[in-house]
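Single-structure report; data block below.
Since this is a predicted model, take the numbers as computed values, not measurements.
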Amino acid sequence: GGGAGGGGAGGGGAGPRPVATAPWRATPSPDGHARAVAAARRRIVAGDLYQANVALRLSSRLSGSPVDLFARGVAALAPERAAFLEGSWGAVASLSPETFLVRRGDLVTSRPIKGTRRRDADPDRARATHAELARSEKDHAENVMIVDLVRNDLGRVARTGTVRVGQLAGVEAHPGVWHLVSEVRARMRAGASDADLLAAAFPPGSVTGAPKIAAVGVIDELESSPREVFTGAIGFASPVAGLELSVVIRTFEVRGEEIWLDVGGGIVADSDPAEEAAEALVKARPLLEAIGASVAGAGGTAGDGMAETGTAGTGTAGAVPIPRRLSPRPSPRPDGAGGLLETIRVDADQPVLLDEHLERLRDSMRALYGRRLPLGLRDRTIAAAAGAGRLRLLAGAHGRVEVQAGPPIASPAPESLAAVTVPGGLGAHKWLDRRWLDALSAAVAPAHALLVDLDGLVLEADNAAVLIVDRTGTLVAPPLDGRILPSVTRTRALAAARAAGVPVGIRPIALAELDGAREIILASALRGVRGVACTGPVAAALA
């Protein structure tokens with residue numbers, strides 16, 4: 001384990017200084033996490049995989065030093081694999097109970113954890129949950145699946161016949177919880193290095209699932225926040241002391257004042273969505289209590305209001321859809337290495353809102369690839385507009401941008417929307433890789449896909465920004481929170497509405513609001529501003 005080091009917590013051995021956090025918020029909510037669990041179960045029942053570890057994120061703002069937060073956590077919990085790291089990038093305060101790999105000479109040990117119950121301070125209730133976990137067939141099956149995966153991982157670098165299970169699903173006490181813990185050992189084959197061992201075993205099977213590659217795809221598809229240090233490994237490699245690595249769970253990550261904690265659990269065929277959401281919060285509770293915090297707004301009945309789809313304007317918009325299984329393999333997130341796309345309408349040989357489009361492309365190129373737009377791109381774009389109806393700018397990670405001219409888009413017929421859930425959205429960049437969007441669009445055609453998050457908040461449509469005129473007559477748009485494209489046409493429509501005296505609001509829009517909205521409006525570069533099903537007065541004024 002690591003430590004704060006050098007008396008940094010409080011100075012002079014005086015103990016950690018006070019720390020405080022704002023109320024913690026779960027993303028998604030317990031209800032939303034239950035929908036992700038339900039989607040994982042559908043994939044398991046369909047035979048895509050056996051188990052997937054699905055997590056949610058608890059986030060807050062930190063007042064105080066990360067090292068003091070770490071010191072408080074260690075003092076309260078005494079975790080087996082504590083570690084603290086800090087740099088210009090931020091800090092990691094890990095209070096992990098789980099051993100990923102320990103190597104001494106040629107002997108390698110892994111101690112995967114799968115299976116959790118709350119360990120109450122009351123002895124009688126603690127004994128009851130201990131007994132419940134010990135006899136749980138579901139949790140034992142979950143643990144055995146991961147043990148088999150770890151045996152296979154170690155077997156890739158072990159001497160034949162040396163992989164052994166020293167403990168299978170033993171109930172152990174950890175801070176605030178009981179865990180089922182197994183132990184797998186192996187003897188490394190001659191010449192196998194630590195790098196070979198990591199290549200065979202990383203990422204840890206207990207925090208991915210089985211089969212591992214399929215589980216990683218499901219995690220990417222169903223989680224709302226990209227994993228950072230969470231579920232990685234922290235430790236050391238020494239020619240004297242050997243190799244020791246923890247599994248990065250029960251870990252606070254800090255960047256500036258932002259602080260977050262990811263928690264999750266293994267999902268199998270008979271997992272209960274509501275119970276899995278509750279278990280995630282059980283795992284988080286001891287850590288938050290150790291720093292004097294708690295989860296705010298974690299109430300509700302996880303799983304309420306779930307449906308396969310929701311359709312705007314049909315009376316079913318309040319039913320939040322479970323993420324769809326589009327194929328046996330999870331739909332991939334857009335591949336940033338594939339480049340960026342910018343589409344621009346041309347009117348009378350002039351690119352519409354050209355400078356705004358180039359500014360958005362410039363921001364994405366800088367953020368993703370650290371590159372500038374090539375010199376002369378604006379002039380090339382204007383030249384290509386002659387005789388064209390639309391333009392496509394294809395920007396690669398290498399920094400080159402190709403300009404393609406095409407005919408105008410036909411005026412759209414009245415449109416409808418079918419809600420589909422995309423956890424975390426597709427981000428703030430216009431990707432050239434549209435595989436997931438195209439698959440969603442095909443699944444709901446002839447309607448357009450309306451992207452919502454796991455909590456039923458409207459993000460955007462498959463080809464447009466979404467705005468509504470609510471019951472008060474206010475034109476409302478979802479916030480640009482990094483999950484949706486900063487639409488150039490949306491920005492122009494909001495400015496035009498303000499200039500015309502239409503009240504404007506930026507706030508989350510619940511899927512259930514769409515049935516009662518006066519207008520649902522789509523805004524895109526090629527198709528302009530138009531209404532869904534029929535065009536109302538605001539959409540007509542902004543078109």
Side-chain angles (χ1 to χ4, degrees), residues 25-39 42 56 221-224 273 277 297 299-326 415-427 436-437 440-441 443-472 474-485 487 490 505-524 531-534 536 538-539:
R25 178 177 178 271
T27 304
S29 69
D31 281 358
H33 186 66
R35 293 182 186 100
V37 171
R42 288 186 177 182
L56 58 81
E221 181 183 54
L222 296 182
E223 290 188 354
S224 296
T301 304
D304 285 354
M306 288 192 285
E308 180 65 31
T309 59
T311 305
T314 64
T316 63
V320 181
I322 296 170
R324 284 173 171 260
R325 176 183 180 268
L326 298 171
E415 295 170 288
S416 62
L417 299 172
V420 292
T421 297
V422 177
L426 294 178
W436 198 353
L437 274 177
L440 287 171
S441 300
V444 300
H448 285 286
L450 172 67
L451 279 56
V452 301
D453 69 10
L454 285 163
D455 291 316
L457 296 180
V458 172
L459 300 173
E460 55 192 334
D462 54 8
N463 67 349
V466 177
L467 308 91
I468 67 168
V469 179
D470 68 13
R471 298 184 184 196
T472 71
T474 300
L475 179 65
V476 181
L480 298 178
D481 56 7
R483 300 186 300 167
I484 65 175
L485 185 70
S487 164
R490 164 196 142 127
I506 306 297
R507 62 167 177 80
I509 300 172
L511 182 59
E513 288 187 69
L514 270 60
D515 274 339
R518 293 185 184 180
E519 296 180 53
I520 302 171
I521 297 172
L522 302 180
S524 67
V532 173
C534 62
V538 175

What verdict does the side-chain contact (heavy atoms from CB on, under 4.5 Å) test give for L426 and L437, after you've listed the backbone C-alpha separation in whole Å, the side-chain angles of each residue and the deciding distance to 0.1 Å? CA-CA 9 Å; L426 294 178; L437 274 177; 3.5 Å; yes
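- With sequence neighbours excluded, no residue satisfies side-chain hydrogen bond (donor to acceptor under 3.5 Å, both in side chains) with S224.
- Counting heavy atoms from C-beta outward, L514 and V458 have side chains that approach closer than 4.5 Å.
- Among residues two or more places apart in sequence or in another chain, the salt bridge (charged side-chain N to carboxylate O under 4.0 Å, His left out) test is passed with R507 by D470, E513.
- Formation of a donor-acceptor pair under 3.5 Å by the T421 side chain with backbone atoms of P321 is found in this model.
- Take E221 and apply the salt bridge (charged side-chain N to carboxylate O under 4.0 Å, His left out) test, not counting sequence neighbours, and it matches R43.
- Between N463 and S524, the shortest heavy-atom distance links the atoms O-CB, 3.1 Å.
- Taking every heavy atom of both residues into account, A461 and L522 meet most closely at CB-CD2, 4.2 Å.
- Between the R35 side chain and the L454 main chain, a donor and an acceptor come within less than 3.5 Å of each other.
- Applying the side-chain hydrogen bond (donor to acceptor under 3.5 Å, both in side chains) test to D455 and every residue at least two apart in sequence or in another chain returns S29.
- The two residues L459 and G425 make their nearest non-hydrogen contact at CD1-CA, 3.6 Å.
- What you find for R471 and R518 is that their closest heavy atoms are O-NH2, 2.9 Å.
- With hydrogens and angles disregarded, no donor-acceptor distance shorter than 3.5 Å links the side chain of D462 to the backbone of H448.
- Take L480 and apply the side chain to side chain contact (heavy atoms under 4.5 Å, CB included) test, not counting sequence neighbours, and it matches I484, P486, R490.
- With a 4.5 Å cut-off on side-chain heavy atoms, L450 and L511 count as touching.
- Contact detail for R324 and V444: the closest heavy-atom pair is NH2-CG1, 4.0 Å.
- The shortest distance between side-chain heavy atoms of V469 and T474 does not fall below 4.5 Å.
- L326 places a side-chain heavy atom less than 4.5 Å from the side chain of L440.
- With sequence neighbours excluded, the residues satisfying side chain to side chain contact (heavy atoms under 4.5 Å, CB included) with A39 are L222, I322, P323.
- Here the closest non-hydrogen pair linking A419 and V452 is CB-CG1, 4.5 Å.
- Using a 4.5 Å cut-off on side-chain heavy atoms (C-beta onward), L457 and I509 make no contact.
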